[in-house]
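Remember, predicted model here, so these are calculated numbers, not experimental data.
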Protein chains: 2
Amino acid sequence: MAPVKPKKQIDENLVKEKETAFAEFIQRKGLKTTRQRNTIIATFFRLQGHISVEELLNEVKKANPRIGYATVYRTLHLLVESGLVEERRFGDGLARYEGHSDVEHHDHMICLDCGEIFEFYNPRLEALQEKLAEENDFQIYRHRLELYGACKDKEACSHRKRKKVEQAAG
Amino acid sequence: MAPVKPKKQIDENLVKEKETAFAEFIQRKGLKTTRQRNTIIATFFRLQGHISVEELLNEVKKANPRIGYATVYRTLHLLVESGLVEERRFGDGLARYEGHSDVEHHDHMICLDCGEIFEFYNPRLEALQEKLAEENDFQIYRHRLELYGACKDKEACSHRKRKKVEQAAG
DNA sequence: GTGGAATACGAAAACAGTTTTCAAAATCGG
DNA sequence: CCGATTTTGAAAACTGTTTTCGTATTCCAC
Ligand SMILES: [Mn+2]
Ligand SMILES: [Mn+2]
Ligand SMILES: [Zn+2]
Ligand SMILES: [Zn+2]
């Protein structure tokens, strides 16, 4: 069985940087540093991918089972407000969050079979959007581009799918 | 005051065509023709733009006040299933529906000030997406591209906004 | 036309994800 | 430490949508 995708290693230094940046944001806003917020952001930044609230809460509870939904939601809002995290919605009804560490901006391809989310960025695409906006006398603040479809590599795709089912089963 | 946008006239023939197409779909599926469904689709196809369920229900109630939410939701699902209508979500939490009459596929620019939705289509953009998918060994079934921003024509924009406020109040 | 099985309706309840409330607990500058 | 201010967690509320369930309508066979 070939290795599917070399799991990116978490860069602990980068995580620490983010934690500091968030702490500064909290200070700047005159808010308070709390055990719960620290746990939540420490957990979040050590996860990778596009994390749902439930996924995050499950992880957070491993460190502190008494933390509830409300605090996770509230902390995620703060993370978004701080600019360290972006909210995504891929049409399955739940919000997902990602620390935009990799690239400043990117778009997504979502496999409807295995659920894998591929990220991409293309300057020509971005430029073309700008040009089209220009033609319509429109100024873009932000955009979202999502390509829904399927992996062509069926083996890798079904492997991921299987793995996901196992994971869900516990 | 300059004319803002020449309101497209509804093409009654086209509407009748859609009504027929839906009737055929209903037959084909072995479902029943009902007063309510007829009212709802007749109303829907005579509205223009990106219609929310509530907007549609309000209009429908003018013809038959006894029709309820459930039936509107159910009929919209049928319309989508029939392929005559597409569901859109522009991030304000509500589903919107449009008969895709104008062009087979198009993308959207959404003004965050006045709420206006501009539609556009660009073959180069579509082709570029295909190329990027190809590079990722990915097959696109469908995509969504939304540009969020603001009209540059501030006068037209605020005129639309004002009108909308009036409408909401009235 | 009627009978009657199949389907659809509408009001209300249920649902899912998220937000808010509120009383108790934690934070932190003085 | 004090005490004003903020935060927390459980539960309630909220929002848009779906489902339920008893009644009403459709429509095919006769
Ligand atoms: Mn991403
Ligand atoms: Mn449109
Ligand atoms: Zn896949
Ligand atoms: Zn505008």
Side-chain angles (χ1 to χ4, degrees), chain A residues 22-44 50-82 85-97 168, chain B residues 22-44 50-82 85-97 168:
Chain A
F22 186 68
E24 277 164 12
F25 168 79
I26 289 291
Q27 293 259 95
R28 209 178 319 128
K29 287 217 65 176
L31 303 178
K32 289 175 177 168
T33 304
T34 72
R35 202 185 313 291
Q36 290 92 329
R37 297 218 262 241
N38 287 341
T39 302
I40 291 166
I41 68 157
T43 306
F44 179 82
H50 302 81
I51 311 295
S52 71
V53 176
E54 198 183 0
E55 281 163 6
L56 179 55
L57 180 63
N58 284 342
E59 287 305 310
V60 161
K61 274 189 183 297
K62 292 180 186 170
N64 178 354
R66 311 207 35 226
I67 293 177
Y69 265 104
T71 304
V72 171
Y73 272 107
R74 287 188 280 231
T75 306
L76 281 168
H77 291 330
L78 287 173
L79 280 166
V80 170
E81 197 190 337
S82 76
V85 163
E86 269 188 60
E87 182 179 309
R88 306 281 185 190
R89 285 170 184 276
F90 296 129
D92 60 354
L94 16 146
R96 295 176 176 280
Y97 296 85
Chain B
F22 185 68
E24 278 163 11
F25 168 80
I26 289 291
Q27 294 259 94
R28 209 178 320 128
K29 286 217 67 177
L31 303 178
K32 290 176 176 170
T33 305
T34 71
R35 204 185 314 292
Q36 290 92 329
R37 297 218 260 241
N38 287 340
T39 302
I40 291 166
I41 68 157
T43 306
F44 179 81
H50 303 80
I51 311 295
S52 71
V53 176
E54 197 182 1
E55 281 164 6
L56 179 55
L57 180 63
N58 284 343
E59 286 305 309
V60 160
K61 274 189 183 295
K62 291 179 186 170
N64 178 354
R66 310 206 36 226
I67 292 176
Y69 264 104
T71 305
V72 171
Y73 272 108
R74 287 188 279 232
T75 306
L76 281 169
H77 291 331
L78 288 172
L79 280 166
V80 170
E81 197 190 336
S82 77
V85 163
E86 270 188 61
E87 182 179 310
R88 306 281 184 191
R89 283 168 186 277
F90 296 129
D92 59 355
L94 15 147
R96 295 176 176 281
Y97 297 86

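We find that CG of L56(A) is positioned 15 Å from P of dG17(C), with the value rounded to whole Å. Put simply, CD1 on I51(A) is 16 Å from P on dG17(C), counting in whole angstrom units. Atom CG of L94(B) and atom C1' of dT18(C) are 15 Å apart (whole Å). Nucleotide dT7(D) holds its P atom 15 Å from the CD1 atom of I67(A), rounded to whole Å. Separating the CG atom of N38(B) from the C1' atom of dT25(D) is a distance of 13 Å, rounded to the nearest angstrom. We find that CZ of R66(B) is positioned 7 Å from P of dA11(C), with the value rounded to whole Å. Atom P of nucleotide dT19(C) and atom CD of E54(A) are separated by 15 Å, given to the nearest angstrom. Taking atom CD of Q27(B) as the reference point, atom C1' of dT26(D) lies 12 Å away to the nearest angstrom.
Comparing dC9(C), dA26(C), dG9(D) by their nearest atom to the side chain of K32(A) picks out dA26(C). Of the listed nucleotides (dG9(D), dC9(C), dT7(D)), dT7(D) has the atom at the smallest distance from the side chain of L31(A). Looking at the side chain of Y73(A), the nearest of the listed nucleotides dT18(C), dT26(D), dT17(D) is dT18(C). Checked against dC9(C), dG9(D), dA12(C), the side chain of Q36(A) finds its nearest nucleotide in dG9(D). With dG17(C), dA8(C), dT20(C) as the choices, the nucleotide that has an atom nearest any side-chain atom of R37(B) turns out to be dA8(C).
When the nearest nucleotides of DNA chain D are assigned to R74(B) and Y97(B) by heavy-atom distance, the more 5′-ward of the two goes with Y97(B). Annotation: of the two residues near DNA chain C, Y69(B) and Y69(A), the 5′-most nearest-nucleotide partner is Y69(B). Residue whose closest nucleotide on DNA chain C sits further toward the 5' end, between G30(B) and V72(B): G30(B). Nearer the 5' end of DNA chain D, as judged by each residue's closest nucleotide, is the contact made by I26(A), out of I26(A) and G93(B).
Between dC9(C) and T34(B), a contact under 4.0 Å exists linking OP1 or OP2 to a side-chain N or O. The phosphate of dT26(D) (OP1 or OP2) has a side-chain N or O of R35(B) nearer than 4.0 angstrom. Under 4.0 angstrom from either OP1 or OP2 of dT18(D) there lies at least one side-chain N or O belonging to H77(B). Look at T33(B) and you'll find a side-chain N or O under 4.0 angstrom from OP1 or OP2 of dC27(D).
Counting heavy atoms from C-beta outward, N38(A) and T33(A) have side chains that approach closer than 4.5 Å. Contact check for L57(B) versus E54(B): no side-chain heavy atoms found under the 4.5 Å cut-off. Between R96(B) and L94(B), some side-chain heavy-atom pair lies under the 4.5 Å cut-off. Between V53(B) and Y97(B) the shortest side-chain heavy-atom distance falls below 4.5 Å. Put simply, the side chain of K29(A) reaches to within 4.5 Å of the side chain of E81(A), judged on heavy atoms.
R37(B) places a side-chain N or O within 3.5 Å of a backbone atom of K32(B) that can act as its donor or acceptor partner.
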